[in-house]
Protein chains: 2
Amino acid sequence: MFERPLNREATVADVARRAGVGKSTASRALGSYGSVSSEVRLRVLAAAEELDYRPNEVARSMNTGRSRTLGVIVSDIENPYFSVATRGITDAANASRYNVILANTSENLEAEIHAVRVFLDKRVDAIIVAPSSAYQIEHLKAIRTSGRPLVLLDRKVPGLDAVSVEVSIAPAAHEATSRLVELGHTRIAYISSLQTDGDSFAGFPLGISSVEDRLHGILDALKEAAIRPDPELIRFKVVTMERTAEVIEELLGLADPPTAILASDSTIARDILLALRERDVGIPANVSVIALDDFPWSPLTGPPLTVVSPPIYEAGFAAAVAAIDAIEERTAKPVALQARVIYRNSHGPAPTRSVG
Amino acid sequence: MFERPLNREATVADVARRAGVGKSTASRALGSYGSVSSEVRLRVLAAAEELDYRPNEVARSMNTGRSRTLGVIVSDIENPYFSVATRGITDAANASRYNVILANTSENLEAEIHAVRVFLDKRVDAIIVAPSSAYQIEHLKAIRTSGRPLVLLDRKVPGLDAVSVEVSIAPAAHEATSRLVELGHTRIAYISSLQTDGDSFAGFPLGISSVEDRLHGILDALKEAAIRPDPELIRFKVVTMERTAEVIEELLGLADPPTAILASDSTIARDILLALRERDVGIPANVSVIALDDFPWSPLTGPPLTVVSPPIYEAGFAAAVAAIDAIEERTAKPVALQARVIYRNSHGPAPTRSVG
DNA sequence: TTGTAGGCGTTATCAC
DNA sequence: GTGATAACGCCTACAA
């Protein structure tokens, strides 16, 4: 059924022969560089048309060393955060006639290292990655030593020669937290899927900028309200639905349980909502929920979710623009992206406590 | 900042020189084919290690004619349907050491044609596409004449030499419709984003299998219940949020408005829910809603959405497996995929009519 | 088992 | 303005 027919594709040599010119002349006419007499150009173009000539991009890449391809490494394209960012990346890439090659890592460092190696072997022109670790970065350094631009999506890694496209979440996270405090909440939990590694500060991890950013926003708001943050309420490495359910169970079982929960991303938010619903915990009657991430269905959850909405599409777009600018040796101007709070109905006044 | 260093990557020739052997011997040792004495193999491998040699996949592609790359063309990676399918594709591709290159078309035929051309120029080994039209298929035929396998995701196109990975929706659509009928619904609307073109049957388009499939399930169920389908309640080409709102407005304004609405996919479902909520139409009190598609947030909408859930990840996975089997000239066994109904709370008894 | 000599299709160099 | 000719890095006869 799928036997490969032997009719070879036409090459420059074929076109040249048919047009009665030399190979290099044909190549010049087709590639529109160097100088060709307009008469010859027309003849070559006509021959190409007749033979249905299409340049072999692989051969072209081999010779130029460029592939017009961007390698994109995300943890999971199913996650709306990354699918939206990827759409931004492909749209920007497309506009500059670049292509996008995709790899999922499932937040697995080994997979990320592998993806980098494969992309480098395939001679992508640049790599855009949302790195899973801020500490194991030899493979990322290898990208730079190979001479290719590296763009970090959403996370900044210190000591790495790379462009970072960051969305500032802190101000919006601060605003959302302050709003909760205004509504009487003093026990505010934060649940994150982040795989922490490396140093920590007052029990909280440090190093991956987007986390610091979210946390700083939250902690600053608490500090301003003279609320001492309780390490018990800050949970990292919550990666599965089961783990989320456990954490919710633990939090609700606390002597002084949280009255509000902040979710680091949309997947965590979903699992939290699921766990709360299973336990018939009223939202926002018993506990307020705010997601520090947005997704297409957030207006339609029950109840409609209050979110901190980061401009992810724009971040992806900017990342690809930065990558392409670097490839083509233009100096890019960094864009400043800010998340904003969208108030809906999943947050409300803190419930009055049964025990004073 | 991004100056390209001049330290060339090591090539087979470099490795050969360092190991003190010929180019082809080194090549054999590295590629583990042909015969090499184990002593020489070790020497070559050591040299490669020392030089940090990595094969140039572009050069390899150039003379094998294969790129170990799958081209994937979807309308929008932001759509959970396609992001989940793409995850399935990349997972299957990865397992066989293939890569995935991605293009979005926004349901635009021109963009699809362009993507096919670019992928062919880049010498992908196969193309997986959810085609936007069942009639304009010259570009798809070009894939086959180029000698590359073509796999159609979710849609079957008659007269095209391609493998189709289909999910049978009809039985589940039939079941869901019958359930609505049991609950007293006789006015059941179907809203689809599909860009119809070509022939139609009794006012309904034909040719794109997945649509036929959904429609047949619905129409058969109505027929069994002796309910005459009303063309007024079947709407195609509903592609924007604004258009969805208009259609909802029109439907609700009908003399005999629908008491249940079937949404063809999750995006339409979202827009329908949004439009109904804006008009304060109670779900399912005033109108039942069922989506003929699933997505991660369906259990958490307000109210939790009753859906026809197709195994999309599996469909994507199967599509990539089929593509790779065809590339490697294995005969693939087609997989039968079935959607199933997940009953939740967005459907209920038909409201009693004010006017008999 | 090993090495030499092409060839893949393009772009780049340099005489003419 | 044009056309041989040589790269790019790999694989693969074929010969030794």
Side-chain angles (χ1 to χ4, degrees), chain A residues 4 6-45 47-48 51-69 120-125 146-147, chain B residues 4 6-45 47-48 51-69 118 120-123 125 146-147:
Chain A
R4 184 156 297 212
L6 291 178
N7 55 345
R8 279 175 46 265
E9 317 252 333
T11 71
V12 194
D14 299 324
V15 174
R17 201 172 312 118
R18 184 171 240 267
V21 300
K23 239 177 35 164
S24 40
T25 305
S27 186
R28 276 189 290 257
L30 292 166
S32 57
Y33 71 93
S35 41
V36 197
S37 74
S38 58
E39 186 231 351
V40 169
R41 159 171 296 117
L42 287 176
R43 220 164 64 225
V44 171
L45 261 27
L51 293 173
D52 201 31
Y53 168 79
R54 300 253 75 220
N56 181 330
E57 291 295 337
V58 175
R60 182 173 283 173
S61 294
M62 157 116 133
N63 195 290
T64 59
R66 328 222 98 149
S67 57
R68 291 199 91 82
T69 301
L120 253 23
D121 290 351
K122 279 193 175 276
R123 298 298 190 266
V124 298
D125 291 338
S146 83
Chain B
R4 186 156 295 213
L6 291 180
N7 54 344
R8 280 174 45 266
E9 316 252 334
T11 71
V12 194
D14 299 324
V15 175
R17 201 171 312 117
R18 184 172 242 269
V21 299
K23 253 186 6 173
S24 48
T25 306
S27 187
R28 277 188 288 257
L30 292 167
S32 57
Y33 67 90
S35 42
V36 198
S37 73
S38 57
E39 187 231 350
V40 169
R41 159 171 296 116
L42 287 175
R43 221 164 63 226
V44 171
L45 260 28
L51 294 173
D52 202 31
Y53 168 78
R54 297 254 78 219
N56 181 330
E57 292 296 337
V58 175
R60 182 172 283 172
S61 295
M62 160 113 134
N63 68 4
T64 60
R66 328 222 98 149
S67 57
R68 291 199 90 83
T69 301
V118 171
L120 254 22
D121 290 352
K122 280 194 175 275
R123 299 299 190 265
D125 292 338
S146 83

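Numbered from 1 within each chain, the chains take letters A, B, ... in sequence-line order.
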A:Arg60: which residues meet the side-chain contact (heavy atoms from CB on, under 4.5 Å) condition with it, sequence neighbours left out?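 Checked A:Arg60 against side-chain contact (heavy atoms from CB on, under 4.5 Å); matches are A:Pro55, A:Glu57, A:Thr64.
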
How would you list, by chain and number, every residue that makes a side-chain contact (heavy atoms from CB on, under 4.5 Å) with A:Thr11, sequence neighbours excluded?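 For A:Thr11, the residues satisfying side-chain contact (heavy atoms from CB on, under 4.5 Å) (neighbours in sequence not counted) are A:Arg8, A:Ala13, A:Asp14.
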
Atom pair distance, as rounded to whole Å: [atom1] in [X] and [atom2] in [N]:
{"X": "A:Asn56", "N": "C:dG7", "atom1": "CG", "atom2": "P", "answer": "18 Å"}
{"X": "A:Met62", "N": "C:dG7", "atom1": "CE", "atom2": "P", "answer": "14 Å"}
{"X": "A:Asp14", "N": "C:dG9", "atom1": "CG", "atom2": "C1'", "answer": "10 Å"}
{"X": "B:Asn63", "N": "C:dT10", "atom1": "CG", "atom2": "C1'", "answer": "14 Å"}

Within the 4.5 Å heavy-atom criterion, are [X] and [Y] side-chain neighbours or not?
{"X": "A:Arg54", "Y": "B:Leu120", "result": "no"}
{"X": "B:Val40", "Y": "B:Thr25", "result": "yes"}
{"X": "A:Val58", "Y": "B:Asp121", "result": "no"}

Please find the pair of heavy atoms, one from [X] and one from [Y], that lie closest to each other, and give the distance.
{"X": "B:Arg66", "Y": "B:Asp125", "result": "CA-OD1, 3.3 Å"}
{"X": "A:Ser146", "Y": "B:Glu9", "result": "CB-OE2, 4.0 Å"}
{"X": "B:Gly22", "Y": "B:Ala16", "result": "O-CB, 3.6 Å"}
{"X": "B:Val12", "Y": "B:Lys23", "result": "CG1-O, 3.8 Å"}

With sequence neighbours excluded, residues passing salt bridge (Lys or Arg N to Asp or Glu O under 4.0 Å) with B:Arg41: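 Partners of B:Arg41 by the salt bridge (Lys or Arg N to Asp or Glu O under 4.0 Å) criterion come out as none, since no residue qualifies.
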
Could you list, one pair per line, each protein nitrogen or oxygen that sits under 3.5 Å from a nitrogen or oxygen of nucleotides 1-5 of chain C, together with the distance?
residue : atom : partner : partner atom : Å
C:dT1   : OP2  : B:Ser35 : OG           : 2.5
C:dT2   : OP1  : B:Ser37 : OG           : 3.0
C:dT2   : OP2  : B:Ser37 : N            : 2.8
C:dT2   : OP2  : B:Ser37 : OG           : 3.4
C:dG3   : OP2  : B:Gly22 : N            : 2.6
C:dG3   : OP2  : B:Thr25 : OG1          : 2.7
C:dG3   : N7   : B:Ser24 : OG           : 2.8
C:dG3   : N7   : B:Arg28 : NH2          : 3.0
C:dG3   : O6   : B:Arg28 : NH1          : 3.2
C:dT4   : O4   : B:Ser24 : OG           : 2.8

Starting from the first five and the last five pairs of the helix from C:dT1-D:dA16 to C:dC16-D:dG1, work out the angle between the resulting helix axes, to 10 degrees.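 For the helix from C:dT1-D:dA16 to C:dC16-D:dG1, the axes at either end differ by 40°.
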
Taking heavy atoms of chain A and a 4.0 Å limit, find me the 5'-most and 3'-most nucleotide of DNA chain D within that range.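 On DNA chain D, the outermost contacted nucleotides are D:dG1 to D:dG9.
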
